[in-house]
Amino acid sequence: MLMPKKHRTLIYEYLMKEGVVVAEKDFGLDKHPVIAVPNIHVIKALQSLKSRNLVKEQFAWRHYYWYLNNEGTSFLREYLNLPPEIVPATLKRPTRPEGAKTAKRVDTARPSSPSADQSRQEYRRSGYDKQGEVGAGSSRPEFRSGYGRGRLPDGNRGGADQQ
C-alpha cells in the first residue's frame, strides 16, 4: 500500500521502542490511538513485516497484536540507523531502585484457638468410616413402580382418560 515514508518511519520507531503494536481491526479509523498515523497504515505496514517473518501476528477480539522478533529487531536497526545498544522494551529487564530490596518472609504462626484445634481432633477421632459406605453393595437399590417409562401407579398410561 502506498503511504508516506514519514508514516512508515513513525510506525517502525514505535515498534522498535515498544516491541509490540496493537491495532483494532477498523480500517476506517482516522488515527491510530497511539501512533499519529491512520490505522490502516499501521495494519498494512505490519502485515508487510509479517509477510517477511519480521513480526509475529496474533488476532483476538477484533484486535491485531504484532510482536517483534530477533530478525525484525535487526531489520529495524538497519532501517532506522540505530546502534546495537538500543533494544525494544519487551527485551529489557525491569530495573529495581537501589533502595528497594526484597523483603524476607517471616513465618508467623497463626494463634490457634483451643476450640478450633479441639474440633479438628474430634473429627479425626470420630467413628465415621468413609471407606465402608461406598462402592457396590453398600446400599440396597429401591425399585418403585410407576416411574420412568413403565405404568403409572394408578394404572393409567397417561394422556387423556380412556374408556
Side-chain angles (χ1 to χ4, degrees), residues 1-124 126 128-131 133-136 138-139 147-149 158-159:
M1 173 178 200
L2 292 175
M3 70 178 78
K5 187 172 182 177
K6 181 180 176 185
H7 288 184
R8 188 181 311 271
T9 306
L10 285 172
I11 295 166
Y12 288 175
E13 285 174 355
Y14 181 80
L15 179 61
M16 186 63 183
K17 183 177 81 171
E18 295 295 325
V20 64
V21 176
V22 179
E24 184 179 355
K25 186 182 176 181
D26 185 3
F27 300 114
L29 197 60
D30 290 335
K31 295 284 181 189
H32 185 271
V34 180
I35 309 168
V37 298
N39 199 41
I40 192 164
H41 289 182
V42 174
I43 293 171
K44 293 302 177 181
L46 287 162
Q47 281 180 350
S48 173
L49 292 178
K50 178 191 169 252
S51 69
R52 293 183 267 171
N53 292 325
L54 301 177
V55 295
K56 177 186 168 209
E57 179 184 78
Q58 294 239 322
F59 183 78
W61 291 91
R62 294 193 50 175
H63 285 78
Y64 291 102
Y65 299 90
W66 290 282
Y67 306 99
L68 190 60
N69 59 21
N70 294 335
E71 293 84 20
T73 304
S74 61
F75 170 78
L76 290 179
R77 275 196 195 113
E78 287 179 24
Y79 187 87
L80 299 171
N81 297 319
L82 297 174
E85 296 85 34
I86 296 178
V87 294
T90 54
L91 296 179
K92 292 180 184 175
R93 298 218 181 250
T95 58
R96 294 184 184 166
E98 291 289 326
K101 293 186 178 180
T102 58
K104 294 181 181 178
R105 186 177 177 103
V106 178
D107 289 333
T108 57
R110 286 189 293 160
S112 60
S113 63
S115 62
D117 190 40
Q118 183 181 10
S119 65
R120 285 191 199 115
Q121 293 301 326
E122 288 174 7
Y123 173 73
R124 291 181 185 136
S126 68
Y128 180 69
D129 184 19
K130 291 181 182 178
Q131 299 298 324
E133 297 180 8
V134 296
S138 63
S139 66
Y147 293 95
R149 297 179 69 181

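Each residue takes its place number in the sequence, starting with 1. All values below were derived from every heavy atom in this structure, side-chain atoms included, with hydrogens, water molecules and symmetry-related copies excluded.
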Spacing of Tyr12 atom OH and Lys5 atom NZ [to the nearest 0.5 Å]: 10.5 Å
Pairwise side-chain contact, His63 with Val22, heavy-atom cut-off 4.5 Å (strictly under): yes
Approximate separation, where rounding is to 0.5 Å, of Leu68 CG and Leu15 CG: 4.5 Å
Criterion side-chain contact (heavy atoms from CB on, under 4.5 Å) on Tyr79 and Met16, from CA distance to verdict: CA-CA 11 Å; Tyr79 187 87; Met16 186 63 183; over 6 Å; no
Spacing of Ile86 atom CD1 and Leu91 atom CG [to the nearest 0.5 Å]: 13.0 Å
Test side-chain hydrogen bond (donor to acceptor under 3.5 Å, both in side chains) applied to Glu57 - qualifying residues, sequence neighbours left out: Trp66
Can you give the donor-acceptor pairs under 3.5 Å from side chains of residues 39-54 to other protein atoms, not counting sequence neighbours?
residue	atom	partner	partner atom	Å
Asn39	ND2	Glu24	O	2.9
Asn39	ND2	Asp26	O	3.0
His41	ND1	His7	ND1	3.0
Lys44	NZ	Gln47	OE1	3.3
Ser48	OG	Arg52	NH2	3.1
Ser51	OG	Ser48	O	2.7
Arg52	NE	Ser48	O	3.4

Sequence neighbours excluded - salt bridge (Lys or Arg N to Asp or Glu O under 4.0 Å) pairs with any residue from residues 70-92: none
Lys25 atom NZ, over 12 foreign heavy atoms within 6.0 Å: no
Contact check, side chains of Glu13 and Leu10, non-hydrogen atoms, under 4.5 Å: yes
Side-chain heavy-atom pair Pro88, Glu18 within 4.5 angstrom cut-off: no
